[in-house]
Enquirer: 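Take a look at this one; I'll ask things after.
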Amino acid sequence: MRGNASALFRATFGGAPRAAASAPGRVNLIGEHTDYNGGPVLPVAYAARTYVAVGPGEPGILEMVSTREEQVARIDYRAGRLAGWGAYVAGVMRELVALGAAPLAGGARVAVASDVPVAAGLASSAALTVAAAKALSLLVGARLQARQLAGVAFRAEHDHVGVRCGIMDQMSAALARPGRALLLECASLAVRHIPIGGRLLLVDSGLRRELAAGALNERRAECEAAVARLKLELPELRWLASWPAAWLPRLKRVLPEPLRSRALHVVGETARTRFGAQLLARRHLKRFGELLYESHESCRQLYDCSTPELDTIVAAARRAGALGARLTGAGWGGAVLVLLGGKGEAKVTREIRRSFRAAYGREPAIDVVHPSGGVRREPVR
Ligand code: GLA
């Protein structure tokens with residue numbers, strides 16, 4: 001895909017791009033729906049990347065083309081609410097202008113080539129916005145740090161597109177390192193890079209979902225409603241993830257359903273993720289894997305973000321002896337992450353394929369996850 005963005009740029013706009021960059025999708029090991037609750041997450045960057053090649057354009061105008069859509073989109077990025085994938089790039093441009101990292105009233109031509117699947121729980125939008133932020137900032141020679149790129153990308157999606165996501169995906173796309181998981185504490189933004197053992201598989205259910213369309217925003221509103229009530233018990237509480245684990249009985253008393261279930265997931269998942277990071281660092285993969293199964297159960301029962309397809313894959317992995325498995329990303333479709341020890345891969349993939357086929361009449365795509373690096377500048381061809 002690397003060369004494709006430059007080739008697409010030339011074919012569409014008739015000249016060479018001025019700058020290019022790429023950023024990866026992500027697979028979250030554990031820590032689901034904790035980021036916007038001020039808790040920890042533990043993603044790895046996925047080897048699939050999004051490449052963005054850019055050149056200067058007409059003032060105020062973005063012209064965008066992608067390998068996934070033939071038509072060139074032409075928009076005034078300064079105008080009102082924007083729709084479609086171009087809205088993400090427009091949001092990035094607005095944020096860069098605000099930072100002085102893009103020419104005031106400047107414009108750009110943008111070509112995108114990606115092999116990150118869309119709406120599969122692999123953070124394709126963060127791969128796009130982080131890569132676009134890097135490439136577009138290079139147009140004016142700005143040298144933004146990885147964390148600044150993550151901030152630009154986050155505000156583009158959150159403030160301009162209107163998806164009330166957390167910061168996990170953008171930080172992962174910006175800061176991830178090859179062979180490492182990124183332990184990110186989302187309240188303080190402290191990070192630690194943890195070497196990964198075992199072998200990771202990604203099983204794609206093939207079920208796609210539209211994030212902005214609601215479920216994530218709805219869960220987030222429920223979490224905020226839970227915090228508002230819990231504040232009466234603990235006035236200094238700012239984040240749901242900071243509720244003391246020892247006070248679970250009080251939490252259960254105070255919150256009605258479904259807020260109680262949502263909050264129990266967030267508090268439990270926060271503890272699991274911090275413990276999981278320690279286990280991973282010490283290479284206690286077996287116990288780490290058990291936490292993955294626990295996390296899936298919590299997502300399924302308490303956060304209500306799984307689907308029968310994802311549950312089928314997790315159950316099959318468990319039966320065949322995988323160390324752990326869980327839905328990864330927002331849920332409501334998308335993919336399952338499977339953790340394997342040294343052996344048994346053939347048995348696990350066979351059992352997953354068999355039971356998925358028996359239930360749904362088709363086989364899911366299975367990929368090996370090679371934890372890769374974050375955003376980088378790409379050569380212009
Ligand atoms: C989506 C959001 C992330 C995170 C996950 C759930 O991917 O973009 O910020 O909230 O869902 O963990």
Side-chain angles (χ1 to χ4, degrees), residues 23-46 48 50 85 87-88 91 116-130 150-151 153-176 181-187 189 202 204 207-224 239-241 262-263 265-270 272-274 276 291-292 295-296 298-300 302-307 310 326-337:
R26 63 101 188 90
V27 177
N28 191 19
L29 301 187
I30 193 165
E32 220 61 86
H33 296 284
T34 43
D35 61 352
Y36 53 85
N37 286 304
V41 292
L42 192 64
V44 300
Y46 190 33
T50 296
W85 71 272
Y88 290 85
V116 185
V118 174
L122 302 173
S124 59
S125 55
L128 172 63
T129 49
V130 170
F154 171 73
R155 292 190 297 277
E157 179 154 357
H158 188 274
D159 300 355
H160 298 282
V161 180
V163 180
R164 302 198 59 214
C165 57
I167 190 77
M168 160 167 72
D169 302 349
Q170 297 79 10
M171 288 289 276
S172 172
L175 297 176
L182 180 78
L183 174 64
L184 167 67
E185 284 289 348
C186 298
L189 296 184
L202 190 70
D204 186 350
L207 235 72
R208 298 291 175 256
R209 55 167 176 78
E210 198 38 73
L211 246 196
L216 184 66
N217 287 358
E218 182 188 307
R219 284 292 174 280
R220 191 157 178 180
E222 289 169 347
C223 291
E224 283 166 2
W239 301 102
L240 192 47
R262 310 299 184 242
H265 166 76
V266 171
V267 174
E269 186 78 352
T270 293
R272 270 191 296 276
T273 306
R274 290 189 183 133
L291 292 181
L292 301 190
S295 167
H296 183 79
S298 180
C299 284
R300 185 178 76 79
L302 299 174
Y303 219 70
D304 198 13
C305 62
S306 188
T307 66
L310 299 171
R326 58 180 293 278
L327 68 83
T328 182
W332 299 289
V336 165
L337 166 78

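Just follow the structure's listing: the first ligand is 1, and inside any ligand the first atom is 1. Values reported hereafter were calculated over all heavy atoms of this structure, with side chains retained and with hydrogens, waters and symmetry mates removed. Here, residue 1 is the first one in the sequence, and each next residue gets the next number.
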Enquirer: Counting only nitrogen or oxygen atoms and a 3.5 angstrom limit, does N28 reach ligand 1?
Expert: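 Checking ligand 1 against N28, no N or O pair falls under 3.5 Å apart.
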
Enquirer: Between E157 and S125, does any side-chain donor sit less than 3.5 Å from a side-chain acceptor?
Expert: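 Per modelled atom types, E157 and S125 side chains form a pair under 3.5 Å.
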
Enquirer: Name the residue from E269, H265, E32 that meets the side-chain hydrogen bond (donor to acceptor under 3.5 Å, both in side chains) definition with S298.
Expert: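 For S298, the side-chain hydrogen bond (donor to acceptor under 3.5 Å, both in side chains) check succeeds only for H265.
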
Enquirer: Can you list the atoms of ligand 1 that are under 4.0 Å from a heavy atom of M168?
Expert: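 Ligand 1 atoms under the 4.0 Å threshold to M168: 4 (C), 5 (C), 12 (O).
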
Enquirer: Short question: side chain of R272, backbone of V267 - any donor-acceptor pair under 3.5 Å?
Expert: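 Absent.
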
Enquirer: Please check if any side-chain donor atom of R326 sits under 3.5 Å from a side-chain acceptor atom of S295, or the reverse.
Expert: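 The criterion, which ignores hydrogens and geometry beyond distance, is satisfied for S295 and R326.
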
Enquirer: Any heavy atom of R220 closer to ligand 1 than 4.0 angstrom?
Expert: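 Outside the 4.0 Å threshold, so no.
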
Enquirer: Give the atom numbers and elements of ligand 1 that come within less than 4.0 Å of a heavy atom of Y36.
Expert: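 The list of qualifying atoms is 10 (O).
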
Enquirer: Whether the side chain of D35 engages the backbone of M168 through a donor-acceptor N/O pair (distance < 3.5 Å, no angle test) should be reported.
Expert: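 The answer is yes, because a donor-acceptor pair under 3.5 Å joins these two groups.
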
Enquirer: For ligand 1, which is the ligand I care about here, please tell me if L216 has any N or O atom under 3.5 Å from one of the ligand's N or O atoms.
Expert: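 Checking ligand 1 against L216, no N or O pair falls under 3.5 Å apart.
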
Enquirer: Looking only at N/O atoms, are E157 and ligand 1 under 3.5 Å apart anywhere?
Expert: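 There is no such contact.
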
Enquirer: Give the single entry among D169, I167, N37, T34 that approaches atom 8 (O) of ligand 1 most closely by any heavy atom.
Expert: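 Closest candidate by heavy-atom distance is D169.
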
Enquirer: Which of the numbered atoms in ligand 1 are under 4.0 angstrom from any heavy atom belonging to G166?
Expert: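 Those of ligand 1 that fall under 4.0 Å from G166 are 9 (O).
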
Enquirer: State whether Y303 and R219 meet the cation-pi test: NZ (Lys) or CZ (Arg) under 6.0 Å from the six-membered ring centroid, and within 45° of the perpendicular axis.
Expert: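 Yes, cation above the ring, under 6.0 Å and within 45°.
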
Enquirer: With a 4.5 Å heavy-atom cut-off, do S124 and T50 have their side chains touching?
Expert: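 Side-chain contact under 4.5 Å: no.
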
Enquirer: Run the side-chain contact (heavy atoms from CB on, under 4.5 Å) test on T328 and V336 for me, step by step, so that the C-alpha distance in whole Å, both residues' side-chain angles and the decisive distance to 0.1 Å come before the verdict.
Expert: CA-CA 6 Å; T328 182; V336 165; over 6 Å; no

Enquirer: Need the ligand 1 atom indices (1-based, order shown) with element for anything under 4.0 Å from a heavy-atom of C165.
Expert: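 Listed by number with element: 2 (C), 8 (O), 9 (O).
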
Enquirer: Within the 4.0 Å heavy-atom shell around R26, which atoms of ligand 1 are there?
Expert: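 So the answer, numbered in order with elements, is 7 (O).
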
Enquirer: List every atom of ligand 1 that sits less than 4.0 Å from any heavy atom of E32, numbering the atoms from 1 in the order shown and giving each element.
Expert: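 So the atoms of ligand 1 that pass are 6 (C), 12 (O).
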
Enquirer: What part of E269, side chain from CB on, backbone N/CA/C/O, both or neither, has a heavy atom under 4.0 Å from ligand 1?
Expert: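 None of E269 does.
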
Enquirer: Closer than 4.0 Å to some heavy atom of D35 - which atoms of ligand 1 meet that?
Expert: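 Taking each heavy atom of D35 in turn, ligand 1 has 3 (C), 4 (C), 9 (O), 10 (O) under 4.0 Å.
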
Enquirer: Report yes or no: does Q170 contribute a side-chain atom to a donor-acceptor pair with the main-chain N or O of A126 at less than 3.5 Å?
Expert: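 Answer holds: no.
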
